[in-house]
S.K.: 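Right, I'll just put the structure down here and ask away after.
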Amino acid sequence: MPWLALTLEVDAARAGALGDALLGQGAHSVWVEEPERPRLRLQALLAADADAAALVGGAAAAAGMAAAPPFQTELVADRDWVRASHAQFAPLCIEGRLWIVPSWHEAPGEGVVLRLDPGMAFGTGSHASTRLVLAWLLRALVPGASVLDYGCGSGILAIAAAKLGAGRVDAVDVDPLALAATADNACANAVTLGALAPGQLPAGDYDVVMANILSKPLIVLEPLLAARTRRGGRIALAGILQAQAAEVAGVYGAHFDARIAAVEDGWALVEGRRR
């Protein structure tokens with residue numbers, strides 16, 4: 001079956017939001033080429049009969065962009081897509097301890113290995129915001145801690161927490177495709193977690209809460225995420241542009257000793273301890 005390959009360039013600071021939005025508009029998968037450049041080449045795989053212009057326009061609007069970026073499309077066969085996809089994803093090491101490894105690569109001999117393939121939910125570990133949270137998790141997670149990943153996407157953060165020794169782990173998303181991907185990825189990694197819609201989350205709070213979304217939703221979600229974090233527990237917030245980090249930290253200062261903990265490639269991590 002042929003696919004429609006979509007290619008566009010976008011500023012690095014917009015890549016995460018636009019990638020999420022493309023998936024939300026119906027793209028089958030999204031990946032980034034040449035991630036070290038200030039302008040990234042974002043590629044997406046669409047159904048062969050998709051209206052690429054409408055999809056890009058809708059995604060740009062959802063990502064808060066003033067105008068849709070120019071794009072190119074090309075019909076590709078299944079085998080071409082697989083080859084291109086595999087070429088873009090190599091094993092990724094976080095802090096020398098955690099490896100994100102696609103299924104077609106051999107696992108390294110040392111460290112914690114998380115198997116994850118690119119798919120319909122955004123989140124392979126390659127984006128700076130995801131790397132920031134994974135690095136934070138390696139430093140902050142206490143074995144046996146209860147963990148909530150709110151806005152889980154592929155489930156990468158929740159699965160990493162389980163692999164690193166967390167106790168109860170729950171992953172929440174509003175997108176049924178994200179929940180299905182999280183459940184599948186958890187099974188592939190032989191870990192147990194809850195993949196739940198927001199309304200299915202049972203009562204109670206958590207030792208660790210993570211949310212890698214975007215600044216505006218994080219601000220709206222502050223009361224909910226604060227209520228889900230036990231007193232003395234820790235929170236990590238990402239998907240935040242560096243220029244917006246102080247605003248997010250200020251909002252979360254109502255319940256947390258919130259601070260900007262790290263910045264990478266124009267993206268920031270805000271962390272805090274619940275008072």
S.K.: Mark yes or no for whether D173, through its side chain, and L179, through its backbone, hold a donor-acceptor pair below 3.5 Å.
M.R.: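 Pair absent, no side-chain N/O of D173 close to backbone of L179.
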S.K.: Quick one: does R234's side chain have a donor or acceptor within less than 3.5 Å of a partner on G272's backbone?
M.R.: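 No, R234 side chain to G272 backbone: no donor-acceptor pair under 3.5 Å.
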S.K.: Taking side chain to side chain contact (heavy atoms under 4.5 Å, CB included) as the test, write out the residues that go with R231, two or more places apart.
M.R.: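 Per chain and number, R231 pairs via side chain to side chain contact (heavy atoms under 4.5 Å, CB included) with R274.
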S.K.: Which donor-acceptor pairs under 3.5 Å do the side chains of residues 56-70 make with protein atoms, sequence neighbours left out?
M.R.:
none

S.K.: Can you measure from CD (E95) to CG (L134) and round to the nearest 0.5 angstrom?
M.R.: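 E95 CD to L134 CG: 9.5 Å, rounded to 0.5 Å.
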S.K.: Measuring only between side-chain heavy atoms, which start at C-beta, is L18 closer than 4.5 Å to L8?
M.R.: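 Sidechains of L8 and L18: in contact.
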S.K.: Closer than 3.5 angstrom, by distance alone: can the side chain of T73 be matched with the main-chain N or O of T7 as a donor-acceptor pair?
M.R.: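 No, because the side chain of T73 does not come within donor-acceptor range (under 3.5 Å) of the backbone of T7.
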S.K.: Would you tabulate the side-chain donor-acceptor contacts of residues 196-206 under 3.5 Å, counting partners in other chains and residues two or more places apart, or write 'none'?
M.R.:
| from | atom 1 | to | atom 2 | distance (Å) |
| --- | --- | --- | --- | --- |
| Q200 | OE1 | A197 | N | 2.8 |
| Y206 | OH | R168 | NH2 | 2.7 |
| Y206 | OH | D170 | OD2 | 2.6 |

S.K.: Excluding sequence neighbours, so at least two apart, what forms side chain to side chain contact (heavy atoms under 4.5 Å, CB included) with L241?
M.R.: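 For L241 the side chain to side chain contact (heavy atoms under 4.5 Å, CB included) partners, ignoring immediate neighbours, are A13, Q244, W267.
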S.K.: For D207, give me all partners under side-chain hydrogen bond (donor to acceptor under 3.5 Å, both in side chains), at least two apart in sequence or on another chain.
M.R.: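 Scan of D207 (side-chain hydrogen bond (donor to acceptor under 3.5 Å, both in side chains), adjacent residues dropped) gives S146, R230.
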S.K.: Quick one: name the residues clustered hydrophobically with V142, using the 4.5 Å side-chain heavy-atom rule over I, L, V, M, F, W, Y, and just say none if it's on its own.
M.R.: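 None, because no other hydrophobic side chain comes under 4.5 Å of this residue.
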S.K.: Identify the heavy atoms of A158 and D149 that sit nearest to each other, and give their distance.
M.R.: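 What the structure gives for the nearest pair is N-OD2, 3.3 Å.
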S.K.: Could you tell me whether the side chain of R228 and the main chain of V209 form a donor-acceptor pair under 3.5 Å?
M.R.: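 Checking the backbone N and O of V209 against the side chain of R228, no donor-acceptor pair under 3.5 Å is found.
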S.K.: Ignoring hydrogens, what is the shortest heavy-atom contact between V147 and A161? Give both atom names and the distance.
M.R.: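 Closest heavy-atom pair between V147 and A161: CG1-CB, 4.0 Å.
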S.K.: Minimum heavy-atom separation for L116 and S154, please, with both atom names.
M.R.: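 Where L116 meets S154 most closely, the heavy atoms are CD2-OG, 4.0 Å.
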S.K.: Can you sort out the partners of Q25 under side-chain hydrogen bond (donor to acceptor under 3.5 Å, both in side chains), two or more places apart, ordered by chain and number?
M.R.: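 Counting only residues at least two positions away or on another chain, Q25 forms no side-chain hydrogen bond (donor to acceptor under 3.5 Å, both in side chains).
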S.K.: Output all residues satisfying salt bridge (charged side-chain N to carboxylate O under 4.0 Å, His left out) with E264, sequence neighbours left out; order by chain, then residue number.
M.R.: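 With neighbours one apart ignored, the set is R131.
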S.K.: Identify whether L148 and V133 are in the same connected component of the hydrophobic contact network (ILVMFWY, side-chain heavy atoms under 4.5 Å).
M.R.: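 Different clusters.
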S.K.: Which pair of non-hydrogen atoms, one from A44 and one from L22, has the smallest distance, and what is that distance?
M.R.: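 That would be CB-CD1, 4.4 Å.
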S.K.: Can you tell if the side chain of I100 reaches within under 4.5 Å of the side chain of T130, non-hydrogen atoms only?
M.R.: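 Not touching, per the 4.5 Å side-chain cut-off.
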S.K.: Find out whether V169 and V191 are in side-chain contact, i.e. whether some heavy atom of one side chain is under 4.5 Å from a heavy atom of the other.
M.R.: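 Of all side-chain heavy-atom pairs linking V191 with V169, none is under 4.5 Å.
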S.K.: List the atom pairs, with distances to 0.1 Å, where a side-chain N or O of residues 251-262 and a protein N or O form a donor-acceptor pair under 3.5 Å, not counting sequence neighbours.
M.R.:
| from | atom 1 | to | atom 2 | distance (Å) |
| --- | --- | --- | --- | --- |
| Y252 | OH | L218 | O | 2.6 |
| H255 | ND1 | E222 | OE2 | 2.6 |
| D257 | OD1 | R273 | N | 2.4 |
| R259 | NE | E271 | OE2 | 3.0 |
| R259 | NH2 | E271 | OE2 | 2.6 |

S.K.: Testing the basics here: between P223 and I219, what is the closest heavy-atom pair and its distance to 0.1 Å?
M.R.: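 The answer is CD-O, 4.4 Å.
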S.K.: Mind checking whether M210 and V248 sit in one hydrophobic cluster, side chains of I, L, V, M, F, W, Y counted as touching below 4.5 Å?
M.R.: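 Different clusters.
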S.K.: Following the transitive rule for hydrophobic clusters with a side-chain heavy-atom cut-off under 4.5 Å over Ile, Leu, Val, Met, Phe, Trp and Tyr, establish whether L224 and L157 coincide in one cluster.
M.R.: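 No, no single cluster joins them.
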S.K.: Distance check, rounded to the nearest 0.5 Å: T192 atom OG1 versus I159 atom CD1?
M.R.: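 Rounded to the nearest 0.5 Å, the OG1-CD1 separation comes out at 11.0 Å.
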S.K.: Starting from V101, walk the hydrophobic network (Ile, Leu, Val, Met, Phe, Trp, Tyr; side-chain heavy atoms closer than 4.5 Å) and list everyone else you reach, by chain and number.
M.R.: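 W99, V113, listed by chain and number.
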S.K.: Can you tell me how far CD1 of I213 sits from OG of S129, rounded to the nearest 0.5 angstrom?
M.R.: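 Reported value, rounded in 0.5 Å steps: 11.0 Å.
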S.K.: Distance from L46 atom CG to D51 atom CG, nearest 0.5 Å?
M.R.: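 Those atoms lie 10.0 Å apart.
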S.K.: With hydrophobic residues grouped by side-chain heavy-atom distances under 4.5 Å, do I94 and I156 end up in a single group?
M.R.: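 Yes; I156 is reachable from I94 via cluster members.
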S.K.: Please name the pair of heavy atoms, one in L4 and one in A50, separated by the smallest distance, quoted to 0.1 Å.
M.R.: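 Result for this residue pair: CD2-O, 4.0 Å.
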S.K.: Which residues pass the side-chain hydrogen bond (donor to acceptor under 3.5 Å, both in side chains) test with T229, not counting sequence neighbours?
M.R.: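 T229: no side-chain hydrogen bond (donor to acceptor under 3.5 Å, both in side chains) contacts found.
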S.K.: With sequence neighbours excluded, tell me which residues meet side-chain hydrogen bond (donor to acceptor under 3.5 Å, both in side chains) with N185.
M.R.: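 Applying side-chain hydrogen bond (donor to acceptor under 3.5 Å, both in side chains) to N185 gives none.
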S.K.: Answer yes or no: is there a side-chain heavy-atom contact under 4.5 Å between L137 and L98?
M.R.: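 No - every pair of side-chain heavy atoms lies 4.5 Å or more apart.
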S.K.: State yes or no: do L193 and V174 share one hydrophobic cluster built from I, L, V, M, F, W and Y residues joined by side-chain heavy-atom distances below 4.5 Å, directly or via other members?
M.R.: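 No; tracing contacts between hydrophobic side chains, which count when under 4.5 Å, never links both residues.
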